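Written out below as structure tokens is the structure these notes cover.
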Amino acid sequence: MSRTLHLNAFLMGVGHHEAAWRHPHTDPSRVGDVRHFQELARIAERGTLDSVFLADGLAVGPAVRHNIQAVFEPLTLLAALATATDHIGLIATVSTTYNEPFNTARKFASLDHLSGGRAGWNIVTSAQSREAWNFNLDEHPAHADRYRRAAEFVDVAIKLWDSWEDDALVLDTAAGVFADTDRVHEVGHAGEAFKVRGPLNTPRPPQGRPLLVQAGSSPDGIAFAARYAEAVFTAQQTLADSQAFYAALRRATTAAGRDPDLVKVLPGIAPVIGGTEAEAQALAAELEALIVPEHALAQLSGMTGIDLSGYPLDGPLPDLPDVTSVQAHQSRYQLVVELARRERLTLRQLIGRLGGGRGHRVVAGTPEQIADQIELWFTEGAADGFNVMPPLLPSGLADFVDHVVPLLRARGLFRHEYTGRTLREHYGLPRPASSYATRELVTA
């Protein structure tokens, strides 16, 4: 069977470049307007993209003085986007470190019902220590501890989604029977981090379970993805690095007893699009000139978990500890350090390189050049698709949909129209059977 390219639109404020809000092609006041995000979702749906995605954090960081931060809680916002669209998938970030499985499972089940089967969960463990301060903690839990909690968290959520069998709703008005209680189950979970009786108070979602997405690329992240993820958002700077990650994830998925073809890998790409390469490079330069160094250093400090504010901008990245001692986002830390060392970048040059995608690959060029890069990574075993991160919104997303997507379609890489209804169908993934249905098959 031929592979199909998958495309997700990562929606962030008025653009992914950290200076997007200062550019004349954006209107920063729209960051608090639901109509802005509904427009973005409709643009993405016009391009028959698989999904839109909202990141999230649970603290106001030091960068708020110089940059827009997320205003809306993502699941709430996606419910509003569901009413403005018909097909596109809706993926929200929710942390397993600072939430509970029952509430999270219920919210995603609700979104899946409200959208007709278009919900996806980007599972994160949180990387910023300041998030702990909003949840009765003085310190951020250790990296390995966060992943242990995440595994149990997802196990409980799956049990809760399965706690209503698919045919549990009877709706027999004559007999006065709403549900078959023999098909609604307590989950009775008692583990290291959670004690949950269940059942969920929302029937099984249309997709059975929302699409499970994961975004970490550290060894712990790869192991977690191999066990649970159906799509992986990753940051890779080079074709060779992405090929290595892709192969490693497939090996780990196979070792975990799962089919690696059912795990889609989508590196981030920040396309800076121009009618000519010179126009694209000029736009990239305009945006870089609008970067506030103080803000960019704060971003970089947060990314590495190291305070870099006292170092000279025109000096090199200072010596940093080994990645295994870092409690922040380990894979992003490693990527940033390797980028700086490989290209011998000063701090000023490094923050300029990171301004467009915070470690994700920035590609400036014509629509044809963007399509060429997407096709190369897709055909050379580096990606199943891409997490598209336009530098400016909505214009950058519209440019991608109107000028790059038609080229991908003409090359036979991408759909011309939606052929499925649910997010799982867009990604070519099966609807998982209930664990109770599987049990019945085994005992029959």
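In this text, all values refer to a predicted model and were calculated from it rather than measured experimentally.
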Salt bridge (Lys or Arg N to Asp or Glu O under 4.0 Å) assessment of R415 paired with D50: CA-CA 10 Å; R415 67 172 71 87; D50 297 68; 3.1 Å; yes

Heavy-atom pair with the smallest gap, counting every atom of A92 and P74: CB-CB, 3.9 Å

Salt bridge (Lys or Arg N to Asp or Glu O under 4.0 Å): pairs with one or both residues in residues 245-256, sequence neighbours excluded: R250-D261

Inter- and intrachain pairs under ring pair (Phe, Tyr, Trp, His ring centres under 6.0 Å), touching residues 25-46, at least two apart: H23-H25

Of all pairs that satisfy ring pair (Phe, Tyr, Trp, His ring centres under 6.0 Å), the ones with a partner from residues 336-356, not counting sequence neighbours: none

Polar side-chain atom of T26 near backbone of A20 as donor-acceptor pair, under 3.5 Å: yes

Salt-bridge criterion met for D241 and R361 (N-O under 4.0 Å): no

Parallel, tilted or perpendicular, as decided by the 30° and 60° cut-offs, for the rings of Y418 and H426: tilted

R204 bridged to D112 by N-O distance under 4.0 Å: no

Qualifying residues under side chain to side chain contact (heavy atoms under 4.5 Å, CB included), relative to D86, sequence neighbours excluded: E45

For S110, side chain to side chain contact (heavy atoms under 4.5 Å, CB included) partners two or more places apart: R106, T202

List the atom pairs, with distances to 0.1 Å, where a side-chain N or O of residues 384-394 and a protein N or O form a donor-acceptor pair under 3.5 Å, not counting sequence neighbours.
unit_1, atom_1, unit_2, atom_2, d
D384, OD1, R3, NH2, 2.9
D384, OD1, Y246, OH, 2.7
D384, OD2, Y246, OH, 3.4
D384, OD2, V265, N, 2.9
N387, OD1, N8, ND2, 2.5

